[in-house]
S.K.: 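First the structure, which I've put down as C-alpha cells, then a few questions once you've had a look.
The shown structure was predicted, so the numbers you read here are calculated from the model rather than taken from an experiment. Just so it is clear: chains get the letters A, B, ... in the order the sequence lines come, proteins before strands, and each one is counted from 1.
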2 protein chains.
Amino acid sequence: MIMLNKLPEKTIERLSQYRRALLISLNNLKHHIYSHELAAMLHITPVQVRRDIMLIGYSGTLRHGYEIKELINLIGAIIDSEEGQKACVVGSGNLGKAIVSYFNGKRTKLTIVAAFDINPDKVNRVYAGVPCYHIDQMSKIIKSDNITMAIMTVPGSEAARVAESLVIVGIKGILNYTPTPVNVPDNVYLQEYDMITSLEKIAYFVKKNSQEF
Amino acid sequence: MIMLNKLPEKTIERLSQYRRALLISLNNLKHHIYSHELAAMLHITPVQVRRDIMLIGYSGTLRHGYEIKELINLIGAIIDSEEGQKACVVGSGNLGKAIVSYFNGKRTKLTIVAAFDINPDKVNRVYAGVPCYHIDQMSKIIKSDNITMAIMTVPGSEAARVAESLVIVGIKGILNYTPTPVNVPDNVYLQEYDMITSLEKIAYFVKKNSQEF
DNA sequence: ATAACACTGTTAATAAATTAACAAATAAAT
DNA sequence: ATTTATTTGTTAATTTATTAACAGTGTTAT
Ligand SMILES: NC(=O)c1ccc[n+]([C@@H]2O[C@H](COP(=O)([O-])OP(=O)(O)OC[C@H]3O[C@@H](n4cnc5c(N)ncnc54)[C@H](O)[C@@H]3O)[C@@H](O)[C@H]2O)c1
Ligand SMILES: NC(=O)c1ccc[n+]([C@@H]2O[C@H](COP(=O)([O-])OP(=O)(O)OC[C@H]3O[C@@H](n4cnc5c(N)ncnc54)[C@H](O)[C@@H]3O)[C@@H](O)[C@H]2O)c1
C-alpha cells in the first residue's frame, strides 16, 4: 500500500464520516457518488473531499465520481484492524446504556462486547445484547476477551480511579464522556468529550451571529 | 472590551474547557492556577494556554498564575450571553434523557428548559426537572419560551424532518447527535457529533500505536 | 469533428493553529 | 545584595489544514 502512515489527523476523522455518508448512500441504492455530494453531506468543500481521497490513494472515475463500495472497503482497510477491535463500556447508567444500544451492530470491525458497573441492580443483566458484569471482573474479562478500548460513563468522581485501572489492565484507547479530565500514559490514546463544550460553542456562535445583524 | 470579535474557533472551544477545569479547581479550594496546571488538565501545552489567555486580554500575576474566579468570570463574559440562552431536546429517548439529566444545573447561563417527543408515554412527564411536551407543541413552546438552541436525539430517520421544522420555528443553533447529517441555512449554526467517529478514530490510533512497536 | 461541459487529481498558495524562543518580572535562596 | 528559580506575555517560526487554481479527460451536444 502507499505511505498511509502519516495521514493527517483531520483526514482520519473525515474518513470515518465519509464512510458513514457512503453507507447511507449505498442504502439509497446509489453506486457512485461525486465529491460534491459527499462534501454536501459533511458540510465541507468538494476540494477537501478530493484531497482526502487522493491522500488515501484512491481514484474515482471521471464523470461518475467514486465507486461507493470500493471506497467503503478502502476506508475500512485504513481505519479498521483486520481482526477487528473490541470495546467495553464502564458505567451502565443512562449514557452507558444509550451508547450500547446505539452502537449495537452498526459496524462489523468494531464491537462493544461488555459493560461494567458496581450497582448490583445492573450487574448480570444483558442490555441490547451486551452483558453487564461487576466491576471486580473487569480485569479478567478485558484480558480474556481481548478488549482494547473503553468508553467511560461513570460519575465524574469515579473517573480517575476507573481510568487508572483501565490502564493497568492494558486498555489502549479510552473515550472519556465523564466531565472530569483524566490522565493516562502516552501509549494510551485518550479522547475526552463533553457535551457542554459542544453546546457552549454553539451558544457562542448563536450569540455572535445575532450581534452581526 | 478588546477586539474579541475574531477569536479562533479552537480557542472558543478551549475557553469552555478552561472554565470547566477552573470550576473543578475552585471546588478544590484553589484560588490561583498556573498555565502549566491548566495545560495538564486539558492535555495541551502551557504555551497554548497562555496564548489563549492573552487573546482574551486577561493577565495573570507573575509567580502566582491566574486568579481563578476572575478568569472564570471573563470567560463567562465572552462565551455566555448576558441574558442566558435556552435549549431544548428533541427526542426524549435514552440519549435525550441522559443529556437532560447530565445538564441539569451545570451552568447558570445555559439551560435546557424543554424536551419534545411523539410517544404518548413520554409526553407530559417531567424528567430531571425538564418537562416533555408533544412535538406538536414545539413551535409554540420554542417561541413562547424564547428557546434558541436544540439538541436532536430523535431516530436518524426523523432527523431531516425535525431539523427542518426547528429551522422554520427560528432555532439558531442545532446540536445533532443523530447519525444522519442534516442541512440547515447559513444563519443557523450546526454541529454534528457521532460517537462512532470518535471511537473509530481511537481504534485507528490504537492500531497504529500497536504497529509501531 | 468540434466545442462546451462537468468531473477528477494534483500542485501551489493561503490561512489557521501550534509551538518555540525569549524578554521581563518577581519571589526565594544564598 | 546577588544569584537562581519560576512564571507570564508576546513575537516569530513552524507546522498543519484548507482552499485556490488549473491541467487532464471522458461525455454530451451541436
Ligand atoms: N459527556 C457528555 O456528553 C455526557 C452526557 C451525559 C452524561 N455524561 C456523564 O457521563 C457519566 C454518566 O452519566 P449518566 O447519566 O449515565 O449517569 P448514571 O448515574 O446514570 O450512570 C453512572 C453509572 O456508573 C455506575 N458506577 C458508579 N461508580 C462506578 C464505578 N466505580 N465503576 C463502575 N460503575 C460505576 C453507576 O452504578 C451508574 O450505573 C457522568 O459522569 C455524566 O456526567 C456525560
Ligand atoms: N451520536 C451519538 O453519540 C449517539 C449515541 C447514542 C445514540 N445516538 C442517536 O441518537 C438518537 C437517539 O438515540 P436513543 O438511544 O435515545 O433512541 P431512542 O429510540 O431511545 O429515542 C428516540 C426518541 O425519539 C422519539 N421520537 C421519534 N420520532 C420523533 C419525532 N418525529 N419527534 C420527536 N420525537 C421523536 C422517540 O419516541 C424516542 O423517545 C438516535 O438517532 C441514535 O442513533 C447517537
S.K.: By side chain to side chain contact (heavy atoms under 4.5 Å, CB included), which residues pair with A:Lys86, not counting sequence neighbours?
M.R.: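 A:Thr111, A:Val113, A:Ile147.
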S.K.: What residues form a side chain to side chain contact (heavy atoms under 4.5 Å, CB included) with B:Leu62, not counting sequence neighbours?
M.R.: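 Partners of B:Leu62 by the side chain to side chain contact (heavy atoms under 4.5 Å, CB included) criterion come out as none, since no residue qualifies.
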S.K.: Suppose we screen for side chain to side chain contact (heavy atoms under 4.5 Å, CB included). Which residues come up paired with B:Ala160, at least two apart in sequence or across chains?
M.R.: none
S.K.: With syn defined as a glycosidic torsion within 90 degrees of 0 and anti otherwise, which applies to D:dA5?
M.R.: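 Judged by the O4'-C1' to base torsion, D:dA5 sits in syn, the angle falling within 90° of 0.
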S.K.: Rounded to whole angstroms, how far apart are CG on A:Leu7 and P on D:dT18?
M.R.: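 Going from CG in A:Leu7 over to P in D:dT18 covers 13 Å.
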S.K.: Rounding to a whole Å, what distance do you find between B:Ile56:CD1 and D:dT10:C1'?
M.R.: 15 Å
S.K.: With sequence neighbours left out, write down each residue that passes ring-ring contact (aromatic ring centres under 6.0 Å, His included) with B:Phe103, or none if nothing qualifies.
M.R.: none
S.K.: Could you state the atom-to-atom distance from CD of A:Glu67 to C1' of C:dC7 in whole Å?
M.R.: 17 Å
S.K.: Taking side chain to side chain donor-acceptor pair (under 3.5 Å) as the cut-off, I'd like each qualifying pair that reaches into residues 60-73 of chain A, sequence neighbours left out, listed once.
M.R.: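 Pairs touching residues 60-73 of chain A that pass the test: A:Tyr58-A:Glu70.
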S.K.: Would you find a donor on one side and an acceptor on the other, under 3.5 Å apart, between the side chain of A:Lys172 and the backbone of A:Asn187?
M.R.: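 Absent.
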S.K.: Looking at residues at least two apart in the chain, or sitting in another chain, which of them share a side chain to side chain contact (heavy atoms under 4.5 Å, CB included) with B:Gln191?
M.R.: A:Ser198, A:Lys201, A:Ile202, B:Leu175, B:Tyr189
S.K.: With heavy-atom distances below 4.5 Å as the criterion, would you say the side chains of A:Met54 and A:Arg50 are in contact?
M.R.: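 In short, these two side chains do not touch, never coming nearer than 4.5 Å.
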S.K.: Within this structure, what is the CD-to-C1' distance between B:Glu13 and C:dA16, rounded to whole angstrom?
M.R.: 14 Å
S.K.: Which residues satisfy the ring-ring contact (aromatic ring centres under 6.0 Å, His included) test with B:His36, sequence neighbours excluded?
M.R.: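 Scan of B:His36 (ring-ring contact (aromatic ring centres under 6.0 Å, His included), adjacent residues dropped) gives B:Tyr34.
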S.K.: Please give, in whole Å, the distance from D:dT18 C1' to A:Lys10 NZ?
M.R.: 10 Å
S.K.: Does B:Arg14 put a side-chain nitrogen or oxygen below 4.0 Å from OP1 or OP2 of C:dT18?
M.R.: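 Affirmative; the distance criterion is met.
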S.K.: How does DNA chain C read in dot-bracket, base by base from 5' to 3', with Watson-Crick or G-U pairs under 3.5 Å and | used when the partner is on another strand?
M.R.: |||||||||||||||||||||||||.||||
S.K.: Calculate the interatomic distance between A:Leu71 atom CG and C:dT8 atom C1'; express it in whole Å.
M.R.: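 Distance check: A:Leu71 CG to C:dT8 C1' gives 13 Å.
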S.K.: What is the distance, rounded to the nearest whole Å, between atom CD of A:Glu37 and atom C1' of C:dT8?
M.R.: 14 Å
S.K.: Please state how far atom CD in B:Glu9 lies from atom P in D:dT18, giving the value in whole angstrom units.
M.R.: 11 Å
S.K.: Checking B:Glu192 now: which residues fulfil salt bridge (charged side-chain N to carboxylate O under 4.0 Å, His left out) with it, not counting sequence neighbours?
M.R.: none
S.K.: What's touching nucleotides 6-9 of chain D from the protein side, N or O pairs under 3.5 Å?
M.R.:
from, atom 1, to, atom 2, distance (Å)
D:dT6, O4', B:Arg63, NH1, 2.6
D:dT6, O2, B:Arg63, NH1, 3.4
D:dT8, OP1, B:Ser35, N, 2.9
D:dT8, OP2, B:Ser35, OG, 2.7
D:dG9, OP1, B:Ser59, OG, 3.1
D:dG9, OP1, B:Gly60, N, 2.7
D:dG9, OP1, B:Gly60, O, 3.4
D:dG9, OP2, B:Tyr66, OH, 3.1
D:dG9, N7, B:Arg50, NE, 2.9
D:dG9, O6, B:Arg50, NH2, 2.9

S.K.: Go through the N and O atoms of the side chain of B:Arg51 and the base of C:dT19, and report whether any donor-acceptor pair is under 3.5 Å.
M.R.: yes
S.K.: Could you go over nucleotides 2-4 of chain C and give all protein N or O partners under 3.5 Å, atom names and distances?
M.R.:
none

S.K.: Run the ring-ring contact (aromatic ring centres under 6.0 Å, His included) test against B:Tyr102 and tell me which residues pass, sequence neighbours left out.
M.R.: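 Not a single residue meets the ring-ring contact (aromatic ring centres under 6.0 Å, His included) criterion with B:Tyr102.
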